[in-house]
Amino acid sequence: MSLHEQLYQWTARQGLDASSARRLRALSGLDDPPRDLWTPLRLGAGALAAGLIGFGLILWVAANWDDFGRAMRFGLLEAVTAVSLVAAALLAAWRAPLALVAFLTLGGLLAYFGQTYQTGADTYQLFALWAALGLPIAWAARSDLVWTPWALVVATGIGLWMETFGGHGWRFDGSTVPVHALGFVAYGALCAGLALRPAAASQPWAWRLAVLASVIAVSATALGGLFARHVAPQYFLGLGVMGIGLVLAWRRAEVYALSALALAVDTLLVAGLTRLVYDAKGDLGGLFLIGLVACGLLAVSVSLIMRRVRAVEVRA
């Protein structure tokens, strides 16, 4: 949640009048011009440098693959990881970019280990181990530059876990409902954890990525259940989870989550209507009805979200 939204919510909860609200906003410095333009520039340059270093390392290793022995490859990856971690601990100004290099190199090291020794582990276990070992790095860096890829790794691992325990395939029937339900809970825990982490309000990108990935995963699972031979419980489960998320986002007046969840719910409802029309062997009139319902749902969703935001602003 941004500082702008936090101010509105805090003002509404405390019942401040217009003069007090303006004073609070002035004290927050929200409308002040940026004091240090170099900070975001350094962060962007650091992110670009970290990406180029990691990409260059990959290309160099690939170009000299046949010349390196197994020990050399492991030593190189371990050395880069260790040097990046030590440098991140010592150089505060470059801590986030160097931590990103360490996190990405750690993933490469784990992948090479699994490829070399053929441990037989499932792919989701690689992502789970990567996320677990990378969590201290992200926590110490305290930057969305590391939290964002960490969130992507976790979200990918959850999806791979559901695919693995769903019979190594995307099956949508009653037997896989517990697996998908646990996966939905894991996505919710990921979003909640990132929202509660330190400095989450000033660095929302990792949380937003987690919300987006969760919405896509739950929606895709629900749509898979809808368009199975017989409508599977996953459709109703996914629709219910989205509804719960929508209520929570509404209570907190979180515009980003509201928009993503409302679009997902609208999509699922329109898809459900499409399935009904298809089963009823609907004609052109059915297609026209689907279009009208889709437009109506979108218009109502946008209107309600805007009304909610304005209500918070008015109370502020």
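Keep in mind that what you see is a predicted model, and the values were worked out from it rather than measured. For the numbers below, each heavy atom of this structure counts, side chains included, while hydrogens, waters and symmetry mates do not.
Note that CG of L100 is 8.5 Å distant from OG of S143, once rounded to the nearest 0.5 Å. The distance from the CG atom of L261 to the CD atom of E254 is 10.0 Å, given to the nearest 0.5 Å. Note that NE2 of H180 and OG of S175 are 9.0 Å apart. Values are rounded to the nearest 0.5 Å. A distance of 13.0 Å separates SG of C191 from CZ of R208, quoted to the nearest 0.5 Å. Rounded to the nearest 0.5 angstrom, L109 CG and L77 CG are separated by 5.5 Å. For the atom pair CE of M242 and CG of D266, the computed distance is 11.5 Å after rounding to the nearest 0.5 Å.
At distances below 3.5 Å, not a single donor-acceptor pair connects side-chain atoms of S303 with backbone N or O atoms of A299. For R95 (side chain) and A88 (main-chain N/O), a donor-acceptor pair under 3.5 Å exists by modelled atom type.
When all heavy atoms of L85 and A102 are compared, the closest pair comes out as CD2-CB, 3.6 Å. V177 approaches P233 most closely through the heavy-atom pair CG2-CB, 3.7 Å. Looking at every heavy atom in both residues, A99 comes nearest to V146 through CB-CG2, 3.8 Å. A pairwise comparison of heavy atoms in S84 and L98 identifies CB-O, 3.6 Å as the closest pair. Between A151 and L194, the shortest heavy-atom distance links the atoms CB-CD1, 3.7 Å. Taking every heavy atom of both residues into account, L106 and T81 meet most closely at N-OG1, 4.0 Å.
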Next on the checklist: Q234 vs T176, test: side-chain hydrogen bond (donor to acceptor under 3.5 Å, both in side chains). Steps then yes/no.
Outcome noted: CA-CA 9 Å; Q234 279 83 349; T176 57; 2.8 Å; yes
Checklist entry - Which is it for L273 and L269 under the side chain to side chain contact (heavy atoms under 4.5 Å, CB included) test, yes or no, and what are the steps along the way? => result CA-CA 6 Å; L273 177 61; L269 291 176; over 6 Å; no
Next on the checklist: Please determine whether side chain to side chain contact (heavy atoms under 4.5 Å, CB included) holds for the pair L268 and Y235, giving the CA-CA distance in whole Å, both sets of side-chain angles, and the decisive distance to 0.1 Å.
Outcome noted: CA-CA 8 Å; L268 292 177; Y235 173 69; 4.2 Å; yes
Checklist entry - When you look at L133 and L110, which way does the side chain to side chain contact (heavy atoms under 4.5 Å, CB included) test go after all the steps? => result CA-CA 10 Å; L133 294 178; L110 294 173; 4.3 Å; yes
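Contact annotation: the side chain of W150 approaches that of L190 to within less than 4.5 Å [non-hydrogen atoms, C-beta and beyond]. Side-chain contact between L226 and F172 is absent, with no heavy-atom pair separated by less than 4.5 Å. Inter-residue side-chain proximity for W161 and L182 is flagged as met; some heavy-atom pair is nearer than 4.5 Å. For the pair S259 and I305, the minimum side-chain heavy-atom distance is below 4.5 Å. Residues V231 and F236 meet the side-chain proximity criterion, which asks for heavy atoms closer than 4.5 Å. Side chains of L145 and P97 form a contact here, defined as non-hydrogen atoms less than 4.5 Å apart. Taking the side chain as every heavy atom from C-beta outward, Y187 and M162 approach each other to under 4.5 Å. Inter-residue side-chain proximity for W130 and F103 is flagged as met; some heavy-atom pair is nearer than 4.5 Å.
Hydrophobic clustering (side-chain heavy atoms under 4.5 Å, transitive across Ile, Leu, Val, Met, Phe, Trp, Tyr) keeps W205 apart from L135. L209 and F184 sit in two unconnected hydrophobic clusters of ILVMFWY residues. Membership requires side-chain heavy atoms under 4.5 Å apart, directly or through other members. Taking hydrophobic clusters as Ile, Leu, Val, Met, Phe, Trp and Tyr residues chained together by side-chain heavy-atom distances below 4.5 Å, L160 does not share a cluster with L152. Under the 4.5 Å side-chain heavy-atom criterion for grouping Ile, Leu, Val, Met, Phe, Trp and Tyr, I158 is connected to I216 within one hydrophobic cluster. By the criterion of side-chain heavy atoms lying less than 4.5 angstrom apart, applied directly or through intervening Ile, Leu, Val, Met, Phe, Trp or Tyr residues, V211 is not grouped with L263; the two fall into different hydrophobic clusters.
W139 and W147 have perpendicular rings, their planes meeting at more than 60° on a 0 to 90° scale where under 30° would count as parallel.
The aromatic ring centres of Y124 and F165 sit less than 6.0 Å apart.
Looking at E163 and T123, their side chains never bring a donor and an acceptor atom within 3.5 Å of each other.
Between D144 and R197, at least one side-chain nitrogen of the basic residue sits less than 4.0 Å from a carboxylate oxygen of the acidic one, meeting the salt-bridge criterion.
Taking the ring centre of W250 as origin, the terminal cationic atom of R308 falls inside the region bounded by 6.0 Å and 45° from the ring axis.
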